[in-house]
There are 2 protein chains.
Amino acid sequence: MRDIAAQAGVAPITVSRALSSPDKVSPETLKKILEVVQKEGFIPNNVAGSMRATAKVIGTIVPPLINSGIADQVQGMSDACAAHGYQLLLVQGDFSAEAEDKAIMALLGWRPKGLIIQAFVQSKAARKRIATAGVPVVEISEIRGRTPMNLAVGISNFDAAYAMTQHLAGKGYKRIGFVSTPIHGNDRLRQRRVGYRKAIADLGIDQGDLEVEVPITSKGGAAALSILTERDPSIEVIFCSSDLLAFGAVQECRRRGWAIPDRIAIAGFGDMDLASQTYPAITTVRVDRYGMGRSAVDHLLSLAAGETGSGKSVDVGFEIIDRESA
Amino acid sequence: MRDIAAQAGVAPITVSRALSSPDKVSPETLKKILEVVQKEGFIPNNVAGSMRATAKVIGTIVPPLINSGIADQVQGMSDACAAHGYQLLLVQGDFSAEAEDKAIMALLGWRPKGLIIQAFVQSKAARKRIATAGVPVVEISEIRGRTPMNLAVGISNFDAAYAMTQHLAGKGYKRIGFVSTPIHGNDRLRQRRVGYRKAIADLGIDQGDLEVEVPITSKGGAAALSILTERDPSIEVIFCSSDLLAFGAVQECRRRGWAIPDRIAIAGFGDMDLASQTYPAITTVRVDRYGMGRSAVDHLLSLAAGETGSGKSVDVGFEIIDRESA
DNA sequence: CTGTTAGCGCCTTCAC
DNA sequence: GTGAAGGCGCTAACAG
């Protein structure tokens with residue numbers, strides 16, 4: 001930057017101003033400076049800049065990207081960040097509290113403008129650290145129940161699962177199974193199961209235990225179909241807590257030559273591209289994951305700008321998409 | 001950090017050492033410092049640290065995460081970064097040279113240890129900037145043809161597509177179609193098409209134009225099936241440049257009640273989870289995307305450590321996975 | 001093994 | 001509209 005300044009015949013600070021607030025520099029000076037910058041291919045050092053001003057960085061922790069709609073969310077965040085001139089610092093963690101803690105530490109070390117986390121912040125220690133750091137946090141999560149640290153963006157997974165279960169019952173299905181990936185530490189999944197259970201109870205269906213947990217792969221969905229139909233051969237529909245599982249179940253049916261939805265019906269959750277393209281197309285719950293990502297960034301920047309959204313939740317809503325599989 | 005030092009009765013530099021190279025500090029001093037750090041919840045400021053030492057950050061540019069195996073690669077990079085104590089700075093771009101330039105500038109501003117790019121660096125300007133910055137680059141890309149700036153990690157998409165086309169011919173298929181997503185600016189896709197064409201030529205098959213480009217969705221795969229079978233009703237197999245397209249084509253067949261592979265056969269590329277789980281399971285080319293991500297980080301750090309891998313390519317290889325769909 | 005000194009490159013503050 | 005001084009928090013380099 002000194003070089004540029006020398007070449008343009010001005011002081012370094014003027015170059016700084018030319019690049020960050022061009023309107024505070026006279027047009028001629030500006031033009032000359034920009035020419036030199038261009039010629040030299042100068043790229044200002046954000047690291048140095050972030051020592052005095054706060055870094056234009058948003059840290060985010062995401063669960064494994066593989067096999068999930070998380071990629072959509074990351075895309076949304078990335079796009080929104082780009083629109084505001086921010087950068088995404090990405091750390092992956094699983095759903096364990098320890099992994100989360102480590103990831104939060106790693107991110108805070110970069111003094112980001114804010115944090116976006118794909119769940120409620122679990123450990124008290126982490127919450128305290130974040131509070132001490134004075135960094136706003138947006139939790140992309142279940143919005144029912146706990147109060148978020150600052151602000152939560154998401155849907156009520158409880159309501160969504162409840163609505164889907166009711167929807168299935170409304171179509172005449174009596175014995176309704178529920179498949180999920182491991183729930184431990186994932187409040188979104190937990191709320192889906194709670195919603196399902198509540199609906200079953202409200203409907204007065206007496207069906208015993210038709211729940212199963214399987215790995216987060218389509219193979220898991222296939223396995224779930226086997227397990228549940230063995231446990232109760234009269235089961236009529238399987239509600240999967242993710243489209244990937246539903247997809248696996250659908251393929252397993254084809255493998256067995258079972259007609260969907262006549263022999264058994266299947267419903268999913270998420271409305272991934274997959275769900276509409278599979279044949280038969282999968283009845284599912286649509287969630288705008290991309291929008292959640294964008295919205296999270298927007299709200300985070302509002303919080304960082306001093307707006308106090310404390311404790312509120314932003315419900316992006318869901319929609320039951322009725323297709324052929326159930 | 002001054003606070004911590006004062007409380008522990010040592011100089012700031014000792015705290016610094018205690019945190020970054022604990023073995024250079026006496027056990028007692030170390031213990032006392034760590035206690036204070038713990039008690040205060042101190043998180044060192046990486047931004048400041050990165051002014052003198054180089055930042056433990058790797059910048060990466062990825063194409064849209066949605067609908068692709070890229071998520072696996074990101075996962076691999078993320079895991080490898082975590083293992084080395086590095087952080088991933090993620091920017092998304094499409095395949096255009098302008099987007100790439102902007103993304104590279106944005107990343108270089110953070111003075112990262114290195115860059116990982118999901119293609120060859122396209123523009124001369126960008127290459128020059130990177131060279132000037134003295135930052136090593138690993139290109140995850142086609143390894144045939146152009147010499148990489150420093151080092152490329154990937155496969156020969158040409159060889160892979162050639163091998164698959166030969167494989168299909170070997171199974172007796174005569175009229176072999178080729179579907180890809182838009183090739184413009186994506187050398188991996190281009191090399192797949194070139195490999196396909198070379199194989200067709202070598203086989204002496206005379207079949208006219210059986211190539212089509214469709215959007216990168218499974219719907220695109222369905223559309224491709226319609227287009228190609230209309231263009232040539234006697235087409236026997238469709239080789240899709242991605243599993244997602246192959247999946248769409250398979251679903252379209254089901255919708256039409258066409259038997260796979262008897263009425264028409266389908267092959268994919270990538271061996272996504274999807275490919276093995278779809279029924280019928282999809283014959284495809286397996287590429288270890290996760291491993292590519294990990295390997296890219298490892299090689300990048302070697303380069304950054306002064307190793308000169310200039311111009312070399314690391315071939316992670318591929319494998320033809322023969323399943324039911326072709 | 002520990003401390004002193006100096007400075008990374010920019011931006012805030014204040015003066016002109 | 002422009003510039004001079006100083007410091008952000010940490011760590012290399014050198015000394016003890």
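Because only heavy atoms are used, hydrogens play no part in the values below, and waters and symmetry mates are left out as well, while side chains stay in. Residue numbers begin at 1 in each chain, while the letters A, B, ... track the order of the sequences.
- At whole-Å resolution of the value, CE in M1(B) and C1' in dG3(C) are 13 Å apart.
- For the pair L108(A) CG and dG9(D) P, the computed distance is 16 Å after rounding to whole Å.
- Taking every side-chain heavy atom of V25(A) into account, dT2(D) is the closest of dG9(C), dC1(C), dT2(D).
- Contact annotation for P44(B): backbone-only contact, meaning every heavy-atom pair under 4.0 Å involves sugar-phosphate atoms and none involves a base.
- In terms of polar N and O atoms assigned as donor or acceptor, the side chain of R17(A) comes within less than 3.5 Å of the base of dG3(D) in a complementary pairing.
- In terms of heavy atoms, D315(B) sits closest to I155(B) at OD1-CA, 3.7 Å.
- Distance, I4(B) CD1 to dC10(D) C1': 14 Å, rounded to whole Å.
- A salt bridge (Lys or Arg N to Asp or Glu O under 4.0 Å) check over residues 33-55 of chain A, counting only residues at least two apart or in different chains, returns the pairs K31(A)-E35(A).
- DNA chain C contains the following stems of three or more consecutive Watson-Crick or G-U pairs, with both distances under 3.5 Å: C:1-16 with D:1-16.
- Between the side chain of E142(A) and the backbone N or O of N157(A), at least one donor-acceptor pair lies under 3.5 Å.
- Spacing between atom CE of M51(B) and atom C1' of dG7(D) amounts to 11 Å, rounded to whole angstrom units.
- Taking all atoms of both residues into account, the shortest heavy-atom contact from P148(A) to E139(A) is CB-OE1, 3.2 Å.
- Comparing N46(A) and K24(B) along DNA chain C, the residue whose closest nucleotide (by nearest heavy atom) sits nearer the 5' end is K24(B).
- Between I13(A) and I43(B), the residue whose closest nucleotide on DNA chain D is further toward the 5' end is I13(A).
- Residue contacts for V10(A): at a heavy-atom cut-off of 4.0 Å it reaches the sugar-phosphate backbone alone, with no base atom in range.
- The side chain of R52(A) lies closest to dG6(D) when the candidates are dC1(C), dG7(C), dG6(D).
- S21(A) is listed as a side-chain neighbour of D23(A), based on a closest heavy-atom distance under 4.5 Å.
- In this model, the phosphate group of dT11(D) is approached by a side-chain N or O of S16(B) to a distance below 4.0 Å at OP1 or OP2.
- The distance between atom CZ of F42(A) and atom C1' of dC10(C), rounded to the nearest whole Å, is 9 Å.
- OP1 or OP2 of dT2(C) sits under 4.0 Å from a side-chain N or O of T29(B).
- Between the P atom of dT11(D) and the CZ atom of R2(B) lies a distance of 13 Å, rounded to the nearest Å.
- Taking atom CD1 on I33(B) and atom P on dC10(D), their separation rounds to 13 Å, with Å as the unit.
- I61(A) places none of its side-chain heavy atoms less than 4.5 Å from the side chain of Q118(A).
- The phosphate of dG1(D) has neither OP1 nor OP2 within less than 4.0 Å of any side-chain N or O from T14(A).
- Nucleotide dC10(C) holds its P atom 21 Å from the CZ atom of R111(A), rounded to whole Å.
- Using modelled atom types, one side-chain atom of S20(A) and one backbone atom of S16(A) make a donor-acceptor pair closer than 3.5 Å.
- When all heavy atoms are compared, the tightest approach of I117(A) to V137(A) is CD1-CG1, 4.2 Å.
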